[in-house]
Number of protein chains: 2
Amino acid sequence: MSWRIVGAVTRWEPNARGRLEQAALELFGEHGYEQTTVDDIARRAGLTKRTFFRHFADKREVLFGGADEFKQLFVDGLTGAPASAAPLEAIAVTLEAVADAFHDRRELARRRQRVIMANAELQERELVKLAGVAAALAAALRERGVAEPAASISAETAVAVFRNAFERWVAAADRRELPELIGESLDALRGVTAGRR
Amino acid sequence: MSWRIVGAVTRWEPNARGRLEQAALELFGEHGYEQTTVDDIARRAGLTKRTFFRHFADKREVLFGGADEFKQLFVDGLTGAPASAAPLEAIAVTLEAVADAFHDRRELARRRQRVIMANAELQERELVKLAGVAAALAAALRERGVAEPAASISAETAVAVFRNAFERWVAAADRRELPELIGESLDALRGVTAGRR
DNA sequence: AGGGTGACGACACCGAATGTCATCAGCCCT
DNA sequence: AGGGCTGATGACATTCGGTGTCGTCACCCT
């Protein structure tokens, strides 16, 4: 199927996983998630269905290959916050750091988000990934000495704030940048919990 | 299959949906979610696989039949809060109201939660249901005059607080009741956002 | 009495997901 | 140079979730 015919240095075309991700994003964008079969993706990548499932646990996972790095952004951001910072300050620092990583990827984020928002199964998976981020954040907060249930509540809130800002960031309407939107969401949180009407 | 032989008043045994839910919860508890096929569930309920899918959109949904009522508990609770209450106060009132509905269902909640916690697919679906609650809460908050993004952030936070308390409530270790745990989680939230270390 | 309705069974079918075995280029070891 | 090992892949078979379609039949309404 995908051998190099001449001057072969390897038996297979390299980066099978990346080709699958690329093919999947294209096909999902062209025909939608449900209308695309795993066979379609594998064929476009020059592979077979069986090989797809060797690289991804299921059809959805092909869109979430970066989830671990994403989670790590949060954990590293929190680790990088000054030990003296109170939880909410540390979270603010963390979210700024995460936002940095997205600075030049707004268009990519939009394409991916459009695919996800068009399908309930994919939104389900996204929620799981965000829950994983929250769990990792909670563990990192406990590491900083924050007790339960404050650590878990803070972590969930942090993710909620980020997601809220992120969704507005990828929405075509808003031209503001992610850090500003995060600041706005954080202010809204502070306002609400301060008892402001 | 399931006709009443004598004295039939209806062609079919009544409450097919309820029987399917009952059979599913039993089988999931006995052999696990993955080890139970839809055919197994349908047979125990005296029905066929095809009929199962007439009552539930997919295999997971059989465990989430009460999701709409659950969501409505939140919305009604918020609607019942005094119009003068600030968002966080209104949320506190709402969560108390929701907790009331679970007062005498701790054991049922535990059995169901054990099944869900044992399977990733089911946790995924639970996250979706909770996201639906958050969305409904956000809409209800906007109805009360809370602007975005405060409404969405508040709603997500409210759900996070409830979930945190609920999980501790169903954990065998804790003997305290749900309202107290909710209060504790709310206090943790207030503490964190007040900048307390 | 007759036609409509709604719930269900029977059957066929698609696609996601997994187990198993064969294949073969590159590598290491002698 | 030769032989065996390894790891990624293809090929094939199978299970199960999910759907489309049609037939059946008690119930209901007129």
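Proteins get letters first, then strands, A, B, ... in listed order; numbering begins at 1 in each.
Note: CZ (A:Phe28) to C1' (C:dA16) measures 12 Å, nearest angstrom. In this structure, A:Glu13 atom CD and D:dT9 atom P are separated by 11 Å, rounded to whole Å. For the pair B:Arg19 CZ and C:dC8 C1', the computed distance is 11 Å after rounding to whole Å. Across the protein-nucleic acid pair, B:Glu34 atom CD and C:dT18 atom C1' stand 12 Å apart, rounded to whole Å. For the pair A:Asp58 CG and C:dA16 C1', the computed distance is 9 Å after rounding to whole Å. For the pair B:Asn15 CG and C:dC8 C1', the interatomic distance rounds to 15 Å; values are reported in whole Å. The separation between B:Asp39 atom CG and D:dG17 atom P is 8 Å, rounded to whole Å. One atom, CG of B:Leu122, and another, P of D:dG17, lie 12 Å apart when rounded to the nearest Å.
Checked by atom type and distance alone, the side chain of B:Arg125 never pairs as donor or acceptor with a backbone atom of B:Phe64 at under 3.5 Å. A distance-only check finds no donor-acceptor pair linking the side chain of A:Arg19 to the backbone of A:Leu47 [under 3.5 Å]. A donor-acceptor contact shorter than 3.5 Å is absent between the side chain of A:Arg60 and the backbone of A:Gln123.
When distances are taken from the side chain of B:Thr37 to each of D:dC16, D:dT9, C:dA16, the shortest belongs to D:dC16. In the set D:dT9, D:dG18, C:dG9, D:dG18 carries the atom at the smallest distance from any side-chain atom of B:Lys59. Nearest to the side-chain atoms of A:Phe53 among the listed nucleotides D:dG18, C:dA10, C:dA16 stands C:dA16. Closest contact between the side chain of B:Trp12 and the listed nucleotides C:dA7, D:dT21, D:dT9 involves C:dA7.
Not a single donor-acceptor pair, N or O on each side, falls under 3.5 Å between the base of D:dG7 and the side chain of A:Arg54. Between the side chain of B:Arg50 and the base of D:dG20 there is at least one donor-acceptor pair of N/O atoms closer than 3.5 Å.
For the residue pair A:Thr79 / A:Asp76, no side-chain donor-acceptor distance below 3.5 Å is found, with atom types taken as modelled.
Phosphate proximity of C:dA7 to B:His55: absent, as no side-chain N or O sits under 4.0 Å from OP1 or OP2. Listed pair B:Thr51 / C:dG9 meets the phosphate criterion, a side-chain N or O lying under 4.0 Å from OP1 or OP2.
Map B:Arg17 and B:Lys49 each onto its nearest nucleotide of DNA chain C; the residue landing nearer the 5' end is B:Arg17.
In this pair, A:Phe74 and A:Phe162 present their aromatic rings perpendicular. The plane angle is above 60°, beyond the 30 to 60° band.
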